[in-house]
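A quick note: this is a predicted structure, and the numbers were derived from the prediction, not measured. In what follows, chains carry the letters A, B, and so on, assigned in the order in which the sequence lines appear, proteins first and then strands, with residues in each chain numbered from 1. Heavy-atom basis, side chains included; hydrogens, waters and symmetry copies ignored.
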Amino acid sequence: MEKILDLISNEVMRAFKANGYNEKYGKVTLSNRPDLCEYQCNGAMAAAKEYKCAPFMISDKIAGSLKDKEMFESVESVKPGFLNLKLNLEYLVNYLRGMEKDKERLGCNKCENPKTIMIDYGGPNVAKPLHVGHLRSAIIGESVKRIGKFMGHNMIGDVHLGDWGLQMGLIITELKERMPELVYFDESYNGEYPKEPPFTISELEEIYPTASGKSKEDVTYKEAAMQATYELQHGRKGYQALLEHILNVSVNDLKRNYENLKVSFELWKGESDAQPYIPDMVQKMKEDGFAYISEGALVVDVKEDTDTKEIPPCMILKSDGASLYNTTDLATIVWRMRDYNPDEIIYVVDKRQELYFTQVFRCARKTGLVKPETELKFLGFGTMNGKDGKPFKTREGGVMRLEYLVTSINEEMYKKITDNHTVEEAEGQKTAKLVALSAIKYGDLSNQASKDYIFDTERFTSFEGNTGPYILYTIVRIKSILKKYQAEKTLPQQAEILPAHSNSEKALMLEISKFNAIMENAFEESAPHKVCAYIYDLANAFNHFYHETKIMAEADEMVQAGYIKLLELTKKVLEICIEVLGFEAPERM
RNA sequence: GUUCGAGUAGCUCAGCAGGAUAGAGCAUUUGCCUCCUAAGCAAAGGGUCGGGCGUUCGAAUCGCCUCUCGAACACCA
């Protein structure tokens, strides 16, 4: 369906044109004076300059020719030159009926030209637990992906594991010290390696920090780790078998953690998957004359004439010939283009890496790794801070494990729920998990991704105001009425949404009608927070209506049935929205 | 130092292709459960939109200057 704002704009633009003015002045916006009107057009004041006359002369004329249009309930021309518009009830109701008919998408058209978009939003390291630093990337990336999918794009999420480099060597070295008898360390061994990993995830999570600590103090240990890394990367069989185990154990655990957050990835690729592409890529950059030696390192110039600041060259190989993060990221682009040929790649990464990614993107473009029209988008997010405004830490000052954070909020939530109601243990736990997740995700997503934000556990778990739980509560209220209605009667065949009986009902309808425009805009700007702001408004509008309207007590069957239809539509809109945000509502709470 | 970002109510944040009285939530104060879940609704107080200058009929929004804070600035990822 066409967006309602466009339909209105088109009508007003036609009126401008019909009166001999440039139609561009007919653009309509949402009213910022809801007490006066629902939509407004300020074009007359801008047009006054061009046509050298008083603004209200123009707005009067336009109002005159719009007055009889069935779209509007009222059109007023006000003082300097505002056009204040109110939508006709029938017109609005018809629009909602149209939305309702489109059961899956509620009138939100899929995009005309679906794109293949890869989205890189994980970045967890193998053998290290997820910590709060991984939260934003996961939450924002997942939501952007879901919004894209809803709009009809082919979205491919890639976790992009940190599974390459010294950390692997460190783990192997530590394992060797602890269990030198393992066959993986026997170079003469030729048989099959055991299927069972020689460690559990919790052992692995302890091994890495231990090894990392040792390597900082003990030079020999570090050298051993570097040697192990080298041998691993050059095909030592036993080590590669160990790497398999490390990956499997670690990835299983990561998947479990991400599942708890309702985050999933289409691809579980890692930095190691990019390594095979490096030699050819580097070779080609040299042959094509892009890469040259500067201060010993192999670099590609990426500065442009329009730069307002110095953009250092993109380094491809260190002066010792080793590859680095840039190399891996560029090589990752190589396989992504080769295997998926995406129209766009989105990186959901800490915003502090912006300059770095500017270099990588420019280098990829300049050296022809991507097509000229391939979009490389940096979606930087800000830091998650504690209540003191400084980066989020545990009470002891360490990095908080994500699992711990989630569990503690789950428990907090369970307490609140059981304080308020008596619920069965199992249902209470399940509800607590859903509500907790909404608190965490909404708390994050309702902020603009690019800004730092304060993760205030108390605020997020207090459930008042603009929070995830408030949204869920609204949905639960609707579900509750619908259930009650269904228990008592069946919806008449001819039931339809009827023209609003009150201001609050119309206000609710107006909110609902914005749905497709919001989704489209949220996708275009990769901005989940717009969806949050929308459902908050929608939930407010509903609660206002709910408070004024006794739905179950309504005597007129058809009026009541109309309310039920409106409630169903409201619920669907809310549910689609929280679905793209990445959480869901319980039946009761 | 250079560049980028931020500065809006006591606190956390919206608003920023210029528009009519700058909006929410929390906190504070006050009403509303014989009535579909009060995790709700209604209402009050609270602001020189960091400061200055400019463009404009009109600026939180655009331009310039300035102050404060944060971040980034080639061999880390």
As a test of reading the structure: which of [options] is closest to the side chain of [X], going by heavy atoms?
| X | options | answer |
| --- | --- | --- |
| Y453(A) | C75(B), C36(B), C13(B) | C13(B) |
| I454(A) | C13(B), A20(B), C75(B) | C13(B) |
| N32(A) | G19(B), C36(B), A77(B) | G19(B) |
| H421(A) | U37(B), A42(B), A74(B) | U37(B) |
| K484(A) | A20(B), G40(B), C36(B) | C36(B) |
| M589(A) | A39(B), A14(B), A74(B) | A39(B) |
| R352(A) | A72(B), G19(B), C41(B) | A72(B) |
| M552(A) | C36(B), G40(B), U12(B) | C36(B) |
| E464(A) | U37(B), C73(B), C26(B) | C26(B) |
| N543(A) | A74(B), C41(B), U37(B) | C41(B) |

Let's test your reading of the model: under 3.5 Å, does the base of [N] pair with the side chain of [X] as donor and acceptor?
| X | N | value |
| --- | --- | --- |
| Q353(A) | A72(B) | no |
| N84(A) | A20(B) | yes |
| E295(A) | A74(B) | yes |
| T383(A) | A71(B) | no |

Nearest-angstrom distance, [atom1] atom, [N] to [M]:
| N | M | atom1 | result |
| --- | --- | --- | --- |
| C36(B) | C41(B) | C1' | 14 Å |
| A22(B) | A59(B) | P | 13 Å |
| U3(B) | C11(B) | C1' | 32 Å |
| A17(B) | C62(B) | P | 7 Å |
| U12(B) | A74(B) | C1' | 39 Å |
| G7(B) | C33(B) | P | 42 Å |
| A9(B) | G25(B) | P | 16 Å |
| G18(B) | G54(B) | C1' | 15 Å |

Going by purine N1 to pyrimidine N3 plus the second Watson-Crick contact, or the G-U wobble pair, all under 3.5 Å, which nucleotide sits opposite [N]?
| N | value |
| --- | --- |
| G25(B) | C11(B) |
| G1(B) | C73(B) |
| G46(B) | none |
| C64(B) | G52(B) |
| G40(B) | C32(B) |

Looking only at the side chains, is there a donor atom on one of [X] and [Y] sitting less than 3.5 Å from an acceptor on the other?
| X | Y | result |
| --- | --- | --- |
| N466(A) | Y442(A) | yes |
| N543(A) | Y470(A) | yes |
| Y453(A) | Q448(A) | no |
| E525(A) | N521(A) | yes |

Please report the shortest heavy-atom distance between [X] and [Y], naming the atom on each side.
| X | Y | result |
| --- | --- | --- |
| E271(A) | Q275(A) | O-NE2, 2.9 Å |
| Y485(A) | P492(A) | OH-CD, 3.7 Å |
| K303(A) | I311(A) | CB-O, 3.9 Å |
| K565(A) | A495(A) | CE-O, 3.6 Å |

Side-chain N or O of [X] versus OP1/OP2 of [N]: is the shortest distance under 4.0 Å?
| X | N | value |
| --- | --- | --- |
| K451(A) | A14(B) | yes |
| R477(A) | A38(B) | yes |
| N385(A) | G70(B) | no |
| S480(A) | C36(B) | no |
| H529(A) | G15(B) | yes |
| K318(A) | C76(B) | yes |
| Y536(A) | G23(B) | no |
| Y292(A) | A74(B) | no |

Identify whether the glycosidic angle of C33(B) places it syn (within 90° of 0) or anti.
syn

Chi-angle category of A60(B) [syn within 90° of 0, anti beyond]
anti

Applying a 4.0 Å non-hydrogen cut-off, can you work out what I311(A) is touching in the nucleic acid: base, sugar-phosphate, or nothing?
nothing

Applying a 4.0 Å non-hydrogen cut-off, can you work out what I417(A) is touching in the nucleic acid: base, sugar-phosphate, or nothing?
base

Walk me through whether F361(A) and F378(A) qualify under ring-ring contact (aromatic ring centres under 6.0 Å, His included).
CA-CA 9 Å; F361(A) 292 172; F378(A) 178 81; 7.1 Å; no

Taking RNA chain B as the partner, which of residues 45-54 of chain A come within under 4.0 angstrom of it by heavy atom?
M45(A), A46(A)

Counting only heavy atoms and a strict 4.0 angstrom limit, can you tell me which residues of residues 436-449 of chain A come near RNA chain B?
N447(A), Q448(A)

Test of understanding: with side-chain hydrogen bond (donor to acceptor under 3.5 Å, both in side chains), list the residues that count as partners of D350(A), not counting sequence neighbours.
R352(A)

Just how far is it from atom CD1 of I293(A) to atom CD1 of I316(A), taken to the nearest 0.5 Å?
11.0 Å

Heavy-atom neighbours of E557(A) CD exceed 12 at 6.0 Å
no

